[in-house]
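Structure record follows, encoded as structure tokens.
On a predicted model such as this, the values are computed, not experimentally measured, just so you know. Lettering follows sequence order; numbering is per chain, from 1.
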Number of protein chains: 2
Amino acid sequence: MVAVPPIQRSKSLHEQTYQALRTSILSGDFAPSERLVETQLAQQLQVSRTPIREALRQLQKDGLVTSDGSGGLQVTSISVIDAVQLYDCRLALEQLSVAGACAQATQRQLAQLEDYVVQAEALVPGKSPNLKVMQLLNLDYGFHRLIAESSGNRWLVGLLDQVFDKMALLRVQTTQHNPEVLEIRIEHRQIYQAIAERQVDRAVAAIRSHLMASQARVVGEVQQLSTANPSSLPGDVDLLNSPSLEG
Amino acid sequence: MVAVPPIQRSKSLHEQTYQALRTSILSGDFAPSERLVETQLAQQLQVSRTPIREALRQLQKDGLVTSDGSGGLQVTSISVIDAVQLYDCRLALEQLSVAGACAQATQRQLAQLEDYVVQAEALVPGKSPNLKVMQLLNLDYGFHRLIAESSGNRWLVGLLDQVFDKMALLRVQTTQHNPEVLEIRIEHRQIYQAIAERQVDRAVAAIRSHLMASQARVVGEVQQLSTANPSSLPGDVDLLNSPSLEG
DNA sequence: ACGGTGCAATCTGCATACAGCATACGTAGC
DNA sequence: GCTACGTATGCTGTATGCAGATTGCACCGT
């Protein structure tokens, strides 16, 4: 009996549809408040409405699409308030994440984490700034997600993924490209070093200051953007009453 | 123009189906590892397979049902390890929850919180212990959920709900009824008082000790149950390597 | 010109039909 | 008797058809 690898079975259409729509949404391929019409999507993706509907239900659970009152669906719109609250959730979860990673990360995972840090640091400044920022944000996502995985807490990874998705959505809806984001490379190295040395307190402190700085960057940028172009974004109110990242 | 109230429109079948199945699952109406067959469910609920499928996709996203390898779905089975990890997530989130509630809870919400505490304390010991524990656990759920709502963080509520669902699932799968759970009434009052007095540090400390105690109760009970009846539950391993509620 | 009514187009919700696949069972060959 | 193959049954995945609802528009009346 020779070792015959199992044939690659293409995933179900509703799964592929889900991935395709999710990617499109997170790439900003849909205009804000554009209605997602099943028949149109079905025609574009060349499938029937049935897998489309199932994919849309999943996206709805993800919070990436929202019912618009009477049956219709549209891409969820993330406000500044949402961003602040999402960062609060993210900080709460990622503190657990780094603590778990300090205790549980394997050598292999630590090496991968360092690789993310090094890759980000190696991004040459010559390139087009936007592309560079894009790549940096991808590395940022991978770094944080790997920390969560390293904690060994399967549920934590799932919860954080949901938060990440919505933050990515905010990003495409505001097209952030603040040059200050380059700072995260320094912050990432500090987080990595603390984890690699298994120093829980330092790691928690590092992730906290990283996320608080990120939150401030995002809020600042979005508010600047919404004052330059008023009424283009929801939730443009003062944030001073929020508990925002305390504790 | 007299005020005519809008007619009550019954929700869509897939929504009703979702609610019905969710309730059934969290009530333990399905045998562990029993396969959920679309056609059977459709026949029982007297609807076609289409709304059933949409409801099942949602439940899958909720983590309440899981694919069993080849297309089939079954109720998710929660192990002791999962319980520990879920409590870790829950603690991370609920610390944010109480901190937010300290800052944001309205007088009305505080009154409702106190009502939960009082109702729990008033549960007469005469009743059948199981019924009493059941009622207490319902009050427990309402108490914690209202704290999350009081924080004003809409995403936090959603994330916590997901955690609560899985813990409820664990409960029905292990039929916990540890008499020690009566302790939570004392712990709840302490949490409530700290929130009512807007003392963030005390509230965070109170929720932490409450959840750590709950985690210990649940783990102890499940492990006792699994040693009494070995191999009836998954994940019966030592937990000493887990980061478990540190930080 | 303006408001209201009726109609047409479009979309969602649901049911059903059909095809492919997995599993279980029975049967034939050894 | 045991293994291996063929077959039958049941379930999932997908497409499609139909009914009800919503929206936009045109037409009519004032």
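The side chain of Arg53(A) places an N or O atom within less than 4.0 Å of a non-bridging phosphate oxygen (OP1 or OP2) of dG13(C). The side chain of Arg49(A) contributes no N or O atom lying less than 4.0 Å from OP1 or OP2 of dA15(C).
Rounded to whole Å, atom P of dA15(C) lies 9 Å from atom CD1 of Ile52(B).
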Between the protein and nucleotides 22-25 of chain C, are there any N/O to N/O pairs under 3.5 Å, and if so, what are the atom names and distances?
from	atom 1	to	atom 2	distance (Å)
dA22(C)	OP1	Arg9(A)	NH1	2.9
dA22(C)	OP1	Arg9(A)	NH2	3.2

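Here CG of Leu91(A) is found 11.0 Å from OG of Ser97(A). Values are rounded to the nearest 0.5 Å. Taking CD of Gln135(B) as the start and CG of Asp140(B) as the end, the distance is 13.5 Å to the nearest 0.5 Å. Here CD of Gln162(B) is found 10.0 Å from CH2 of Trp155(A). Values are rounded to the nearest 0.5 Å. Here the NE2-CG distance, from His144(B) to Asp161(B), works out to 13.0 Å after rounding to the nearest 0.5 Å.
Only one option out of Asp82(B), Leu86(B), Val218(B) pairs with Leu170(B) in a side chain to side chain contact (heavy atoms under 4.5 Å, CB included); it is Val218(B). Residue Glu54(B) forms a salt bridge (charged side-chain N to carboxylate O under 4.0 Å, His left out) with just one option from Arg49(A), Arg53(A), Lys61(A), and that option is Arg53(A).
Sequence order on DNA chain C of the closest nucleotides to Val47(B) and Leu36(A) puts Leu36(A) first from the 5' end.
Other residues, nucleotides and ligands contribute at most 12 non-hydrogen atoms within 6.0 Å of the CD atom of Gln43(A).
With 3.5 Å as the limit, one finds a donor-acceptor pair spanning the side chains of Gln60(A) and Arg57(A).
We find that Arg145(A) and Glu149(A) are joined by a salt bridge, their nearest charged nitrogen and carboxylate oxygen being less than 4.0 Å apart. Lys166(A) has no carboxylate O lying under 4.0 Å from a charged side-chain N of Asp62(A), or vice versa, which leaves the two without a salt bridge.
Using a 4.0 Å heavy-atom distance criterion, Ser12(A) is classed as a sugar-phosphate-only contact.
Within residues 37-46 of chain B, the residues that have a heavy atom under 4.0 Å from DNA chain D are, in order of number, Val37(B), Glu38(B), Thr39(B), Gln40(B).
Between chain A and DNA chain D, the heavy-atom contact criterion of under 4.0 Å yields a 5' to 3' nucleotide range of dT14(D) to dT23(D).
The backbone N or O of Gly152(A) sits less than 3.5 Å from a side-chain atom of Gln85(B), completing a donor-acceptor pair.
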